Amino acid sequence: MSISALQKDRYKYKPKLPPALQGDLAKIVVELGQATQSVANQNEVKALFPNTYGAPIAKVVSGKNKKADQALTLAVVLSGGQAPGGHNVIAGLYDGLKKGNKKSRLLGALGGPKGLIDGKFTEINDDLMDAYRNTGGFDMIGSGRDKIEKPEDLEKVVAVVKANGINGVVIIGGDDSNTNAAVLAEYFQSLKLDVSVVGCPKTIDGDLKNEHIETSFGFDTACKTYSELIGNIGRDANSAKKYWHFIKLMGRSASHITLECALQTQPNVCLIGEEVAAKKQTLDQIVESVASVVAKRAEQGNNFGIVLVPEGLIEFIPEVGALISQLSDVLAHDHEGPKEFEKQTTLDTQLAWLEKHLASANAQVLKSLPVEIQRQLFLDRDSHGNVQVSLIETEKLLVELVKRKLKTWAIEKKYSGKFSALTHFFGYEGRCAFPSNFDADYCYSLGFNAFVLFNAGLTGYLSSIRKTHKSADKWTCGGVPITMMMNIEQRQGKPKPVIKKALVELDGKPFQTFAAQRDQWAVETAYLFPGAIQYYGPAEVCDQPTKTLKLEQS
Ligand code: FBP
């Protein structure tokens with residue numbers, strides 16, 4: 001296999017480990033703290049997880065570990081969307097296991113959770129591991145969005161772990177995948193099966209975080225990759241002075257990526273879904289706010305600019321969110337809805353069918369949207385019941401509506417600029433980049449730490465590395481019970497226990513920092529050009545975490 005010069009050189013990079021994970025494993029132990037509670041709906045969550053609920057917070061400290069050299073067989077699963085650093089989680093886990101006992105084995109589930117259900121594994125050895133150290137992507141073993149939830153799948157997993165002598169399963173995933181990890185841990189416990197489950201917080205979206213999980217891996221690299229591209233576009237816009245660029249950014253629901261990219265690049269407009277929801281802004285009000293900035297800049301002769309749009313925006317607009325939520329229920333696959341809907345072969349008959357099944361306000365909103373957006377809203381939900389927002393062209397919707405608004409203002413003699421807009425969507429471009437030094441170090445530490453939690457016999461935990469806004473020699477390690485992060489949410493029309501998603505907090509420092517400057521960025525051309533991620537050079541350039549992490553933790 002031929003490899004690039006950078007990949008060859010990145011193989012040599014030695015990820016930094018926090019002090020608690022360095023040295024002799026026989027001197028590393030886990031200390032348990034107070035019992036915990038779920039963040040909400042305590043009684044319901046406790047009833048659903050009677051064997052794992054309330055477990056204590058775990059901290060990695062120095063002490064005498066008599067089990068350090070036990071031989072273990074672990075299975076590792078990459079779950080959900082790709083995020084830079086996944087291979088380094090596996091590398092940290094592998095190195096920890098082999099350091100403990102050379103006979104320990106690591107089995108990689110092929111193609112995500114399905115690989116675990118079907119017992120399809122590849123055994124990871126030195127050669128395989130070394131070919132993927134410090135690389136982006138999940139291609140070493142592949143990923144998938146299947147769930148391990150149905151009784152028959154849980155039973156299959158039990159048969160697979162017994163057949164392969166597996167002592168523990170590592171789920172590398174986001175909120176939904178780690179909710180699955182908690183379900184699996186509870187199931188094994190209910191059968192008195194001595195198999196542990198530990199999760200590692202992955203998602204570029206940055207929405208799996210709380211007091212103990214400061215950030216999910218991949219967020220750092222993805223935001224830096226998008227910010228490089230936004231900065232380049234900003235420079236192009238300021239050179240040619242003739243285009244408005246509407247850039248949609250991934251992040252499914254939460255707007256963390258968009259906010260971080262705004263802090264890194266200082267665009268003219270940046271929409272934040274959570275603010276739209278809090279202020280109950282209608283689609284028309286949002287369009288008006290963007291058009292006003294376009295008009296103000298036109299008055300100064302600046303018929304160009306940058307608008308950042310989070311991909312989840314559409315669901316936060318109250319009237320569209322209500323429509324999407326009812327559409328998801330009506331089209332949920334567990335009843336006759338979709339079958340009936342599929343019989344409608346034209347957009348007109350689809351709309352007529354939906355008019356009978358939607359509340360009249362929702363049906364009106366649907367009718368008011370451009371045809372393409374209507375079609376995109378009907379697309380299949382993912383396996384967790386989420387609308388696939390990456391497939392909805394919100395950036396094009398906004399361009400279309402801003403254009404209409406400016407036309408009206410031009411007729412009313414309120415606007416006389418030129419509006420020529422281009423659209424972009426940055427999402428997949430950032431999910432498999434070479435992990436930044438931060439993600440390379442953080443992921444390796446998460447994986448190594450997960451091994452320490454297994455070694456201590458813990459189950460139903462997420463690997464937790466803290467103080468990550470500081471240099472790696474100050475990081476601390478531990479484990480947080482997954483049930484502690486859970487609440488009950490409505491999914492596909494039914495209440496379900498899930499890890500609470502962390503949305504952008506409007507009173508938090510990242511949003512406040514942005515809000516204090518956005519009016520200035522709107523009219524001035526204050527773009528920043530972060531440039532490409534740097535892997536070699538001074539720590540101020542190469543090892544800095546995101547602005548979000550620094551602002552939140554400092
Ligand atoms: P995860 O939550 O699984 O990490 O995935 C996040 C994400 O990248 C979102 O930002 C995006 O909306 C979605 O995945 C796209 O999904 P897919 O890869 O299935 O198109």
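This structure is a prediction, so every number in the text was calculated from the model and none was measured. When a residue number appears, it is its place in the shown sequence, counting from 1. Counting starts at 1 for both ligands and their atoms, in listed order.
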Report task. Just need the protein heavy atom nearest to atom 13 (C) of ligand 1, so name the residue and atom and give the distance. Result -> R145 NH2, 3.6 Å
**Report entry** Lys/Arg N to Asp/Glu carboxylate O, D176 vs R252, below 4.0 Å
**Finding:** no
Query raised in the report: If you measure from each heavy atom of A83 to ligand 1, is any distance below 4.0 Å?
Result: no
Report task. Answer with yes or no whether Q82 contacts ligand 1, where contact means a heavy atom under 4.0 Å from a ligand atom. Result -> no
Pairs of donor and acceptor atoms involving the side chains of residues 502-513, under 3.5 Å and at least two apart or interchain, shall be tabulated with distances.
{"unit_1": "K509", "atom_1": "NZ", "unit_2": "S554", "atom_2": "O", "d": "3.0"}
{"unit_1": "Q512", "atom_1": "NE2", "unit_2": "L506", "atom_2": "O", "d": "2.7"}
{"unit_1": "T513", "atom_1": "OG1", "unit_2": "K509", "atom_2": "O", "d": "2.6"}

Query raised in the report: What do you reckon, does I204 have a nitrogen or oxygen under 3.5 Å from a nitrogen or oxygen of ligand 1?
Result: no
Query raised in the report: Quick one: does G174 get within less than 4.0 Å of ligand 1, heavy atoms only?
Result: no
Query raised in the report: Under 30°, 30 to 60°, or over 60°: which ring-plane class applies to F448 and F451, parallel, tilted or perpendicular?
Result: perpendicular
Query raised in the report: Which atoms from ligand 1 have a heavy atom of R252 less than 4.0 Å away?
Result: 1 (P), 2 (O), 5 (O), 6 (C), 10 (O), 12 (O)
Query raised in the report: Identify the closest protein heavy atom to atom 3 (O) of ligand 1: which residue and atom is it, and at what distance?
Result: G81 N, 2.8 Å
Report summary line: In T394, V269, L397, V290, the residue satisfying side-chain contact (heavy atoms from CB on, under 4.5 Å) with F246 is V290
Query raised in the report: Relative to the ring of H424, is the ring of F426 parallel (under 30°), tilted (30 to 60°) or perpendicular (over 60°)?
Result: tilted
Report summary line: One finds that the ligand 1 atoms under 4.0 Å from a non-hydrogen atom of G80 are 3 (O)
**Report entry** Any F316 side-chain heavy atom under 4.5 Å of E274 side chain
**Finding:** yes
Query raised in the report: Which of these, K202, M250, E311, R431, has its nearest heavy atom closest to atom 12 (O) of ligand 1?
Result: E311
Query raised in the report: Looking at ligand 1, does any of its N/O atoms fall within less than 3.5 Å of an N/O of Y428?
Result: yes
Requested in this report: May I ask you to identify, for T203, whether its side chain, its backbone, both or neither come under 4.0 Å of ligand 1 on a heavy-atom basis?
Outcome: both
Query raised in the report: Are D543 and K16 within salt-bridge range, i.e. N to O under 4.0 Å?
Result: yes
Requested in this report: Distance to 0.1 Å, residue and atom name: give those for the protein heavy atom nearest to atom 10 (O) of ligand 1.
Outcome: D205 OD1, 2.6 Å
**Report entry** Ionic contact status for K501 with E489, cut-off 4.0 Å
**Finding:** no
